[in-house]
Amino acid sequence: MSAEFISITFPNASTDIAPLPDAPVDPAFLVRYARTLDDYGFNYTLIPYHSSSFDNFTIAATILAVTKNISVIVALRPNTVYPTVAAKALATLSQLGGGRVVVHFIAGGDPAEQAREGDFLNKEERYERQAEYIRILRRAWESSEPFSHEGKYYQFKDFASKVRPVKPIPVSVGGSSEEAYRVGGELADIFGLWGEPLKETREQIEKVNAAAAAAGRKDRPRIWVTFRPIIAQTDELAWEKAYAVLDRLNAAREKGLARKPVNAAAPLNVGSQRLLEIAKRGDVQDRALWYPTVTATNASGASTALVGSPETIAASLLDYVDLGADLISIRGYDNYNDVVDYGRYVLPLVRKGLAEREAAKAPVAETV
């Protein structure tokens with residue numbers, strides 16, 4: 001039994017609880033943050049995408065240049081980069097980083113956000129386009145001969161790339177809709193989920209696996225689950241910290257500094273709708289899954305917290321590994337300091353728990 005850890009890259013010191021409006025890239029912070037992830041044994045870092053964000057290919061190249069082990073997960077919206085161009089860019093990153101590259105596809109769940117960069121397709125069309133895009137990427141990486149493509153969303157003649165990835169680049173798909181399960185189950189190496197209670201997470205994993213089986217796959221996508229842990233030395237101190245974080249999230253939103261303003265409309269993407277619906281059942285689910293951070297942010301992105309001591313957080317994460325999660329994404333609200341705390345106190349406990357599980361499964365030698 002094994003699990004790998006994912007963080008998320010921040011280009012400057014701005015956080016959800018202490019936003020720095022219009023902050024530029026801080027090269028020193030970016031390098032320090034990336035090297036800290038490397039030093040503490042994180043396996044991946046996600047480079048997110050938004051219509052107003054920095055260029056994530058450039059950020060990815062910077063991280064690869066200053067680290068030794070961590071892989072970058074480049075978030076990509078199909079409407080922003082033509083697939084033949086993306087194939088070369090991702091393969092170039094693979095060569096620069098010795099194969100340390102993953103691509104994570106965002107079909108898009110907010111029509112207004114998609115329209116900011118000229119994308120006016122409906123949800124079903126966006127997922128159809130995503131599937132076509134993934135197939136083109138893989139053929140571009142694998143084909144040694146020029147090829148043409150005549151699809152619904154992309155057409156080109158005699159494309160040939162001399163840029164090959166060092167090794168196959170894993171493709172990640174995320175979402176909580178039937179369309180996401182279908183495309184991810186058929187085509188993804190990794191399928192990303194936001195942190196939901198164990199019951200709902202199990203149901204989602206089953207849907208992804210069923211979609212993979214329906215597509216004729218012999219394997220299944222690796223499951224990636226995301227949380228926002230709030231930790232302190234004891235459970236009691238962690239809960240005090242959690243309510244302080246909540247107060248700061250609400251204050252930032254009231255000042256108009258949050259990603260979603262106070263008067264924001266209800267989200268249209270299924271993942272956020274699910275989180276908000278679960279939040280109505282109560283603040284705490286399972287061991288330590290906390291939902292007020294969901295409502296305080298209008299479920300803007302991955303927003304479910306885990307609250308507790310390192311031991312409680314590690315036990316909670318192991319519950320998801322036991323459920324079938326292969327990749328655990330943890331990122332906090334005090335970005336840099338949280339990474340240090342996770343690296344010092346949480347990752348070692350989870351890895352110890354995984355080792356104990358492996359040892360318990362090992363056959364006992366017979367004695368004579």
Side-chain angles (χ1 to χ4, degrees), residues 4 6 9 43-49 55-65 67-108 126-175 180 182-192 208 211-212 215-224 326-327:
E4 294 185 300
I6 302 172
T9 286
N43 304 98
Y44 306 89
T45 184
L46 171 66
I47 306 172
Y49 186 88
D55 177 66
N56 51 0
F57 283 91
T58 308
I59 299 291
T62 302
I63 293 170
L64 293 174
T67 57
K68 297 178 180 179
N69 300 306
I70 198 164
S71 295
V72 294
I73 303 177
V74 180
L76 180 62
R77 289 183 185 170
N79 61 294
T80 61
V81 185
Y82 203 75
T84 54
V85 177
K88 293 181 292 182
L90 290 162
T92 301
L93 287 176
S94 177
Q95 292 189 16
L96 288 171
R100 295 183 285 138
V101 179
V102 177
V103 59
H104 176 66
F105 279 94
I106 304 171
R126 291 198 300 269
Y127 275 99
E128 285 180 347
R129 177 181 60 190
Q130 181 172 281
E132 186 175 336
Y133 198 111
I134 292 170
R135 293 188 178 98
I136 293 170
L137 276 189
R138 285 188 168 138
R139 188 170 181 188
W141 291 330
E142 296 167 1
S143 179
S144 59
E145 300 294 332
F147 69 96
S148 301
H149 180 83
E150 192 69 32
K152 182 176 180 179
Y153 301 98
Y154 303 102
Q155 304 85 34
F156 52 85
K157 299 289 186 182
D158 297 326
F159 172 75
S161 175
K162 297 180 180 179
V163 188
R164 294 280 184 274
V166 171
K167 59 183 181 182
I169 297 175
V171 169
S172 171
V173 169
R182 175 177 52 78
V183 173
E186 179 183 0
L187 297 172
D189 300 297
I190 297 167
F191 194 95
V208 174
R217 289 180 61 167
K218 302 299 182 184
D219 64 342
R220 300 291 182 266
R222 301 176 72 202
I223 299 298
W224 160 9
D326 307 281
L327 300 138

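A quick note: this is a predicted structure, and the numbers were derived from the prediction, not measured.
Between the CG atom of N56 and the NE2 atom of H104 there is a distance of 11.5 Å, given to the nearest 0.5 Å. Expressed to the nearest 0.5 Å, how far CZ of F105 lies from CZ of R77 amounts to 13.5 Å. Here the straight-line distance linking atom CD1 of I169 with atom CD1 of I73 works out to 13.0 Å at 0.5 Å rounding. How far OG of S172 is from CG of L76: 11.5 Å, rounded to the nearest 0.5 Å. I6 CD1 to N43 CG: the interatomic distance, rounded to the nearest 0.5 Å, is 8.5 Å. Atom-to-atom distance recorded for D326:CG and I190:CD1 is 9.0 Å, nearest 0.5 angstrom.
Considering only residues two or more places apart in sequence or on other chains, Y44 meets the ring pair (Phe, Tyr, Trp, His ring centres under 6.0 Å) condition with none of them. Partners of N69 by side chain to side chain contact (heavy atoms under 4.5 Å, CB included), not counting sequence neighbours, listed by chain and number: D38. Evaluation of the ring pair (Phe, Tyr, Trp, His ring centres under 6.0 Å) rule for Y49 yields no partner, not counting sequence neighbours.
Looking at V103, V85, V72 one by one, the single match for side-chain contact (heavy atoms from CB on, under 4.5 Å) with L90 turns out to be V103.
Side-chain contact between F159 and I136: absent, with no pair of heavy atoms (C-beta onward) separated by less than 4.5 Å. The closest side-chain heavy-atom distance from W224 to V102 is not below 4.5 Å. The closest side-chain heavy-atom distance from Y133 to V81 is below 4.5 Å. You'll find the side chain of L64 reaches within 4.5 Å of the side chain of V101, heavy atoms only. By the 4.5 Å heavy-atom criterion applied to side chains, L187 and V173 are not counted as neighbours.
Residue pairs meeting the ring pair (Phe, Tyr, Trp, His ring centres under 6.0 Å) criterion with at least one member in residues 70-100, sequence neighbours excluded: Y82-Y154. Residues in residues 133-143 take part in these salt bridge (charged side-chain N to carboxylate O under 4.0 Å, His left out) pairs, two or more places apart or across chains: R135-E186, R138-D189. Residue pairs meeting the salt bridge (charged side-chain N to carboxylate O under 4.0 Å, His left out) criterion with at least one partner in residues 155-166, sequence neighbours excluded, are absent.
A donor-acceptor contact shorter than 3.5 Å links the side chain of T45 to the backbone of T9. Side-chain atoms of Q130 never come within 3.5 Å of backbone atoms of V183 as a donor-acceptor pair (strictly under, hydrogens ignored). The closest donor-acceptor contact from the side chain of W141 to the backbone of A87 lies under 3.5 Å. At distances below 3.5 Å, at least one donor-acceptor pair connects side-chain atoms of S94 with backbone N or O atoms of V166.
Here the closest non-hydrogen pair linking A212 and P221 is CB-CD, 4.0 Å. The shortest non-hydrogen separation linking V74 to A60 is CG2-CB, 4.0 Å. The minimum heavy-atom distance linking R126 with A107 is given by the pair CD-O, 3.1 Å. When all heavy atoms are compared, the tightest approach of I63 to I47 is CD1-CD1, 4.0 Å. Listed here is the closest heavy atom pair of I70 and R100: O-NH1, 2.7 Å. Across every non-hydrogen atom of F57 and A89, the tightest pair is CE2-CB, 3.6 Å.
Checked for salt-bridge contact, E128 and K152 meet the test: a charged N lies under 4.0 Å from a carboxylate O.
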